[in-house]
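Please read the structure below before turning to the comments.
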Amino acid sequence: MVFILNPDVAKEKVDEFVLGWEQKGFSTILSVGTEHTAVCLIGNTAGVDLDHVVETNDIVSYGKRITEQYKVVNRTVHEASTVIRVGDVTIGEGFFTVISGPCSVESNEQILEIAQSVKKSGAKILRGGAFKPRTSPYAFQGKQAEGLEMLRMAKKETGLPIVSEIMNQTQIDLFEDVDIVQVGARNMQNFDLLRAVGGIKKPVLLKRGLANTIEELLMSAEYIVAAGNPQVILCERGIRSFETMTRNTLDLSAVVLLKQKSHLPVIADPSHASGIRSLVPPLAKAILVVGADGLMVETHNNPAQALCDGAQSLDLAQFNTLMEELRERAVLEHKIM
Ligand code: PEP
Ligand code: MN
């Protein structure tokens, strides 16, 4: 159950209202949005007379029962779409924000060449994995802390904000200069990590697990927001299916449904979704057209030599062409790139 409060209610009144519910044995989540403040009750609300609460509390505008398990990420609680700002970059609010860069940061030269080129092509955020979750323990595991240092250097040189994947909560301090912390598909249900990134004051890019439902993704986002961090970006990155000709299957309907069910911004990743370079541009366009708030695309200055995910990486010229095509589409979709 959620109560939407009248605008401009004094904080003491809100605290008093919240305390009243807690004394009755409910847990509460206070969601302070730009449009309104909402108080969610967690617990068995079957015996709560919603109309009576609205009638007897002059700070309450209206109340609703929420049948879904996800509350604070639910659009019912927070009608207006969440907008995330990272420096000058906006995610949400009619923007189509492109994140690009290599799967893995490999060297200063590599990341700088890619960063400068993708920036020129119109990417707004630089990605680069430093800690890599690899299926094989013998595969390249990433440059780790040194990789984050290289990413930081590329940020300093280009001014692009950076996003990189965190693998566990002990790494949080290392991510101090990382603008967006990525929780990867394999960690989508690492609940300790979700709670930990719920305690930081920067955006979290939460990728959908390989075999997780849309509802499970929303519940993972709920962990982060309920722990106090409202800045979550959801990312559809393909799910496991019976299909073997692609690495994963891009679930475009998830992009649409997530936007309907949640107020959080939604982006998609056609690189991990397909695993095949030639599929990336058409899927990227589809992602724009279904209404995503952005895209994360892997690029490399020399895909044939990439230490990770070369087969799905666009080279820098291919990325530039894709960006030109996306800009034309964005006009038709009334999106700002
Ligand atoms: C990545 O973005 O580099 C990555 C490992 O993605 P995912 O977690 O979606 O597999
Ligand atoms: Mn990758």
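A quick note: this is a predicted structure, and the numbers were derived from the prediction, not measured. Counting starts at 1 for both ligands and their atoms, following the listed order.
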Is the shortest distance from a Lys or Arg side-chain nitrogen in [X] or [Y] to a carboxylate oxygen in the other one below 4.0 Å?
X	Y	result
Asp251	Arg208	yes
Lys71	Glu222	no
Glu298	Arg277	no

Looking only at atom types and distance, does a side-chain atom of [X] sit under 3.5 Å from a main-chain N or O of [Y], one as donor and one as acceptor?
X	Y	result
Arg127	Pro102	yes
Thr321	Ala317	yes
Ser107	Gln110	yes

Around the Mn ion (ligand 2), number of protein N/O/S atoms which are nearer than 2.8 Å: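 Of the protein's nitrogen, oxygen and sulfur atoms, 4 lie under 2.8 Å from the Mn ion (ligand 2).
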Can you list every protein residue that has a heavy atom under 4.0 Å from any atom of ligand 1, sorted by chain and residue number?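 Answer by chain and number: Arg127, Lys132, Glu165, Gln182, Gly184, Ala185, Arg186, Lys207, Arg237, His272, Met296, Glu298.
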Atom CG in Leu217, atom OH in Tyr70: separation rounded to 0.5 Å?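 The OH atom of Tyr70 is 10.5 Å from CG of Leu217, to the nearest 0.5 Å.
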Phe3 vs Phe17 aromatic rings, parallel, tilted or perpendicular, using cut-offs 30° and 60°?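 The arrangement is perpendicular - the two ring planes meet at more than 60°.
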Assess the residue pair Glu149 and Arg152 against the criterion (salt bridge (charged side-chain N to carboxylate O under 4.0 Å, His left out)); give the C-alpha distance rounded to whole Å, side-chain angles, the decisive distance to 0.1 Å, and a yes or no. CA-CA 5 Å; Glu149 194 54 55; Arg152 200 163 19 227; 2.4 Å; yes
